[in-house]
Asker: 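Below are the structure tokens for one structure; questions will follow.
Convention: sequence-line order gives letters A, B, ...; per-chain numbering from 1. FYI, side chains are in, hydrogens and waters are out, and symmetry mates aren't considered; it's all heavy atoms of this structure. Quantities reported herein were computed from a predicted structural model and do not represent experimental measurements.
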Protein chains: 2
Amino acid sequence: MTNSDKKKYRLRAEIVKAMAHPTRLFFMNELAKGKQSVNALREMVGCDISTVSKHLSVMKKAGIVVDEKVGNQVFYSLKLPCIMSFVACIETLIKENAVENISCL
Amino acid sequence: MTNSDKKKYRLRAEIVKAMAHPTRLFFMNELAKGKQSVNALREMVGCDISTVSKHLSVMKKAGIVVDEKVGNQVFYSLKLPCIMSFVACIETLIKENAVENISCL
DNA sequence: TTCCTTTTTGGCAAAACAGCCAATTGATGT
DNA sequence: ACATCAATTGGCTGTTTTGCCAAAAAGGAA
């Protein structure tokens, strides 16, 4: 594995890691429907606003979402909708796994 | 967020987490080309065989890979090739981000 | 059986992550 | 200026993850 390969996989991992959390996957789902303020997202998940803000900052740093200030508040939106096709694939995998579990009974 | 929603996102996160590591993303790439033994993968990445085995076991538990015993050794292969289309999407995102960084100079 | 090869498991210490509170920053209005 | 609302940041603790070594399984060959 070359050095630039290592960099490549580290870069990919940074993005995948930024999705690897239930709350952040939920945000992706909501933001795919349209932009939302930090507080609106907070209300949906019910945890501390600082926690929400930190989740969003991780996603922003990875380039998954973009933020936009409107007056007092900050709206986040999904940067690349193609990201959601990946979620569809994950769902396929979940269904596959479920079928397998059933056949193992 | 309903209870079954929470479960849904936890389930998704489990799979995404199993990909969220440079070494594991590299393995996905290699296994997409064809099955490989644990030791062959170890030689590619250069870390301890126990580390490799644990990475693979995480991926297997998540349903990303399947294993197959052949005599002495164990071969792993990618379960759902569709997973790799997600990597393509990540690459798009990386390129997008790179372009943005350039325009910020 | 004994030896050798391949892989998995247990255990441990270092590093990274999650989520809360408190304090701060930023924008708006009085 | 002051108060208020929205969001971010710092700091802290508890949890999870990583990656190594050593030990144990699991096969195959002598």
Asker: How are the rings of A/Phe26 and B/Tyr9 set relative to one another: parallel (under 30°), tilted (30 to 60°) or perpendicular (over 60°)?
Answerer: perpendicular

Asker: Strictly below 4.0 Å: does B/His55 bring a side-chain N or O up to OP1 or OP2 of D/dT17?
Answerer: no

Asker: Does atom NZ (A/Lys60) have a neighbourhood of more than 12 heavy atoms from anything else shown, all under 6.0 Å?
Answerer: no

Asker: When we call it a touch if two heavy atoms are under 4.0 Å apart, what does B/Ser37 touch: a base, just sugar-phosphate, or nothing?
Answerer: sugar-phosphate

Asker: Counting only side-chain nitrogens and oxygens, does A/Ser50 get under 4.0 Å of the OP1 or OP2 atom of C/dC20?
Answerer: no

Asker: Could you check how far NZ of B/Lys60 sits from P of C/dT7, rounded to whole Å?
Answerer: 13 Å

Asker: Could you state the atom-to-atom distance from CD of B/Gln36 to C1' of C/dT6 in whole Å?
Answerer: 15 Å

Asker: NZ of B/Lys35: more than 12 outside heavy atoms within 6.0 angstrom?
Answerer: no

Asker: With side chain to side chain contact (heavy atoms under 4.5 Å, CB included) as the criterion, how do A/Arg12 and B/Ile94 come out once you've worked through the C-alpha distance, each side chain's angles and the decisive distance to 0.1 Å?
Answerer: CA-CA 8 Å; A/Arg12 284 186 190 177; B/Ile94 287 172; 3.9 Å; yes

Asker: NA contact type, B/Asn39, heavy-atom cut-off 4.0 Å: base, sugar-phosphate, or nothing?
Answerer: sugar-phosphate

Asker: Could you tell me whether A/Glu30 and A/Lys33 have a side-chain N and a carboxylate O separated by less than 4.0 Å?
Answerer: yes

Asker: Give me the bend of the helix from C/dT1-D/dA30 to C/dT30-D/dA1, using the axes of the five pairs at each end, rounded to 10°.
Answerer: 10°

Asker: Where the side chain of B/Arg42 meets the backbone of B/Thr51, is there a donor-acceptor pair that is under 3.5 Å apart?
Answerer: no

Asker: What contact category does A/Lys54 fall into here, base, sugar-phosphate, or nothing, at under 4.0 angstrom with non-hydrogen atoms?
Answerer: base

Asker: What's the closest nucleotide to the side chain of A/Asn72 if the choices are C/dT7, C/dT5, D/dC5?
Answerer: D/dC5

Asker: When we call it a touch if two heavy atoms are under 4.0 Å apart, what does B/Arg42 touch: a base, just sugar-phosphate, or nothing?
Answerer: nothing

Asker: Scan A/Tyr76 against the nucleic acid and name what it touches under 4.0 Å (heavy atoms): base, sugar-phosphate only, or nothing.
Answerer: sugar-phosphate

Asker: Can you tell me the distance, in whole Å, between the NZ atom of B/Lys69 and the C1' atom of C/dT7?
Answerer: 8 Å

Asker: Tell me whether the OP1 or OP2 atom of D/dT8 has a side-chain N or O from A/Ser53 closer than 4.0 Å.
Answerer: yes

Asker: Is the backbone of A/His55 close enough, under 3.5 Å, to the side chain of A/Arg24 for a donor and an acceptor to pair up by distance?
Answerer: no

